[in-house]
Amino acid sequence: MHTLTSTRRPRWRSLALLAICLIPLLWPLQRLAEHYYQDELASQNRQTLDLYVANLLGTLHRYETLPQILGDLPALRAALLDPLKLEAVTNANRLLKDIVDQTGAEVMYLMDVNGNTLAASNWDKHDSFLGRNFAFRPYFIEPLQGRLGRFFGQGTTSAKRGYFFAAAVRHQDEVIGVLVVKVDLDHTETLWGNTPEQLLLTDQNGVVVLTSRPDWRFRATRPLTDAEQEAMIAIQPYPTQAPQPLNLTPGAWLIQTRDIPETGWKVSILAPRLLVDRSVQTVVAIGGGALLVLMLLLGLIMQRRRHYMDRIELEAKGRQELEKRVIARTADLEGLNNRLKKEVLEREQAQQELVRAQDELVQAGKLSVLGTMSASISHELNQPLAAIRSYAENAEILLDHQRTEDARGNLKLIGELTGRMASIIAHLRAFARRDRHAPESVALQPALDDALALLAKRRRAMAVELIRDLPDAPLWVQAGETRLRQVLGNLLANALDALTEKANPRRLWLSAERRDDYVYLYIRDNGPGFTRQALEHAKEPFFTTKTRTQGLGLGLAICESLMRALGGELLLANHPEGGALLTLQLRVAAPGANLQPSEDLSA
Ligand code: ADP
């Protein structure tokens, strides 16, 4: 994440830089807008100005020729010729008033050659011009010189600004008076409508005479010359004798001017530059805004692109990482596989080793058993041999002394001892004989009956009760006839041996069952049962607890060995209710052809 933000920041910086570079583009836009709006305003104002000038000139022209025409009126001439005649003056007054009413002029008045006002249209007003002298005004002087009198000025009596037209009144080519028409110009001081543009009208002195801004009125747009100053004082066109300069803020106005040659005036329209500036500002703002939006959009697109690139890069990195991991994992797995293969090989070798070791162990076990056995055999055989020797030596001595009866007794003892030795050797032969025959199908019940028959006499003598619980159908097992009988005989003999140590009642239980692939034969007695030590060691050769019956300790060892060879098992246990419980586990066999013993019994 950190690397992403650090790479994004310079993007924004470059965008800002770009924006700064693009800002100068706004300048031509501003210039363009300025030109456009200025031209627009100028053409608009030019029209206004033309209209205004036309209107003003129209007003003036309407009255320009009036004094000349009216000068010929007999009533006016009569008043001039006979000024003391009240009737003539009254007529003139009335006539002038009528004409003023009809023409819309502000005032008309008639002066004699001295400049005294004889008749006036406002004769009946309190500020009437009657009797007043205007000889100082140019409009009186000029007609006397044969010209049309023109003058702009503020009325000394009315304080109203007006334009004065004057013409000489003649009688027989002689000037007898001057007729003046004053046109009110106060109402021409405004432009049409409530516009932000201002009107500025200056006279030949450069003094503002008409303006839409009252505070500009009678201000000088340029310094007056001395001559102009003097003339001004003489003819009093303005209410002030020292016009203040007009100070327009430079650059604040867009000015358009028209000259009116016939009056020496200049008419100007002043449009506040603010109007243009505002529009230009709007345009520049819109332009700037558009630029900004464009920048932002561009920035956004660039950022998106950056994000996209980053993601692609990240994904590619992720893929590479994954591939790397897959490769590493594959290598790991291969390594593991190789290790496993090696381990399997090692295991196999170890197994072979083990089998070999086991074989060796078996061999060693056999040797060890052989050792133990040979020790025991030599011990077992040495005893009777020593006895036989001493009996034999004794017999010799007895025979020397003619004690034949005693010698016979010794020989009998010797015979018994050799019988015992033969029995030991016979047992050992049985022990060694085990592998000679392959197992065959043998019926269990007849074999058991045979074994029981051999012990029947002893059992009856001991009053042992036999409790049989065997199925009627023969139970076929894998065994050898003789070997099975030998095992059964041994076990039954052991049971009888155990029962001798117990008082009546003596019982022997025999039961069998078939479960899965095995036949189980249970031989139980109610004797003292196995001691703890016997349970552990009874199957070992030469282990015996019997002293009275001279046990050899080979019975169970031989049984175990025979059972193993038959693929069965011998289990030793004590019954919960007391006494020993021996279990013979034998493999089930297919029913055999005959129930007769097949093995060589004599063996
Ligand atoms: P031996 O009969 O010569 O002693 P065995 O190998 O037949 O040798 O028996 C070993 C020992 O197992 C016996 O000495 C005895 O202690 C014990 N034993 C065998 N059968 C029984 C039994 N039915 N009840 C109690 N103890 C038994």
Side-chain angles (χ1 to χ4, degrees), residues 369 372-373 375-377 379-381 383-384 416-417 419-434 448 451-452 454-456 458-459 461-468 483-512 520-566 568-585:
V369 169
T372 319
M373 273 178 75
S376 302
I377 289 164
H379 171 75
E380 291 293 320
L381 294 182
Q383 258 186 331
E416 276 174 22
L417 283 170
R420 180 169 164 74
M421 287 172 76
S423 159
I424 289 172
I425 290 161
H427 272 99
L428 288 173
R429 274 179 66 196
F431 192 65
R433 205 166 48 115
R434 56 188 173 174
L448 197 57
L452 277 169
L454 285 175
L455 293 165
R458 193 179 164 206
R459 182 172 62 82
M462 285 173 67
V464 174
E465 185 189 350
L466 181 70
I467 302 154
R468 272 178 77 118
R483 282 176 284 173
L484 182 57
R485 245 186 298 139
Q486 195 177 354
V487 169
L488 292 173
N490 261 326
L491 298 183
L492 290 170
N494 272 350
L496 291 181
D497 285 348
L499 285 170
T500 54
E501 293 174 27
K502 191 193 172 290
N504 275 332
R506 296 171 176 149
R507 290 198 180 105
L508 183 66
W509 288 269
L510 294 174
S511 60
Y520 294 86
L521 173 69
Y522 305 104
I523 302 170
R524 178 191 160 194
D525 61 66
N526 65 343
F530 289 94
T531 60
R532 244 187 53 204
Q533 208 197 3
L535 264 186
E536 253 177 71
H537 303 289
K539 287 183 190 174
E540 290 169 12
F542 301 110
F543 175 86
T544 180
T545 56
K546 293 169 191 167
T547 46
R548 278 210 316 213
T549 51
Q550 292 267 309
L552 285 178
L554 284 172
L556 292 183
I558 291 167
C559 288
E560 165 79 2
S561 150
L562 290 173
M563 287 307 291
R564 280 275 163 84
L566 294 174
E569 208 174 333
L570 170 65
L571 302 165
L572 310 183
N574 283 324
H575 196 271
E577 289 170 20
L581 171 63
L582 290 108
T583 307
L584 269 186
Q585 184 189 338

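Nothing fancy with the numbering, it's 1 onward along the sequence. In each ligand, atom 1 is the first atom listed, and ligand 1 is the first ligand listed. We use all heavy atoms of the structure for the numbers below, so side chains are in, but hydrogens, waters and symmetry mates are not. What you see is a predicted model, and the numbers here were worked out from it, not measured in a lab.
- Within the 4.5 Å cutoff, no side-chain heavy atoms of L570 are placed close to those of L562.
- In this structure, A495 is part of the shell of residues with a heavy atom less than 4.0 angstrom from ligand 1.
- Residue contacts with ligand 1, taken as heavy atom pairs separated by less than 4.0 Å, involve D525 solely via side-chain atoms from C-beta onward.
- Scanning all heavy atoms of the two residues, the minimum distance from A580 to F530 falls at CB-CE1, 3.6 Å.
- With sequence neighbours left out, the side chain to side chain contact (heavy atoms under 4.5 Å, CB included) criterion links R459 to V464, L466, L496.
- Residues meeting the side chain to side chain contact (heavy atoms under 4.5 Å, CB included) test with A512, sequence neighbours left out: L444, L470, P471, L475, L521.
- Residue D497 has no nitrogen or oxygen atom sitting less than 3.5 Å from a nitrogen or oxygen atom of ligand 1, judged on distance alone.
- Close N/O approach between A557 and ligand 1 is not found [any backbone or side-chain N/O within under 3.5 Å].
- If you check each of A534, G529, A580 against atom 26 (N) of ligand 1, the one with the closest non-hydrogen atom is G529.
- Here the side chain of R506 pairs a donor or acceptor atom with the backbone of M462 at under 3.5 angstrom.
- Close approach of ligand 1 to A498 is summarised as follows: ligand atoms under 4.0 Å from at least one heavy atom of the residue are 22 (C), 23 (N), 24 (N), 25 (C).
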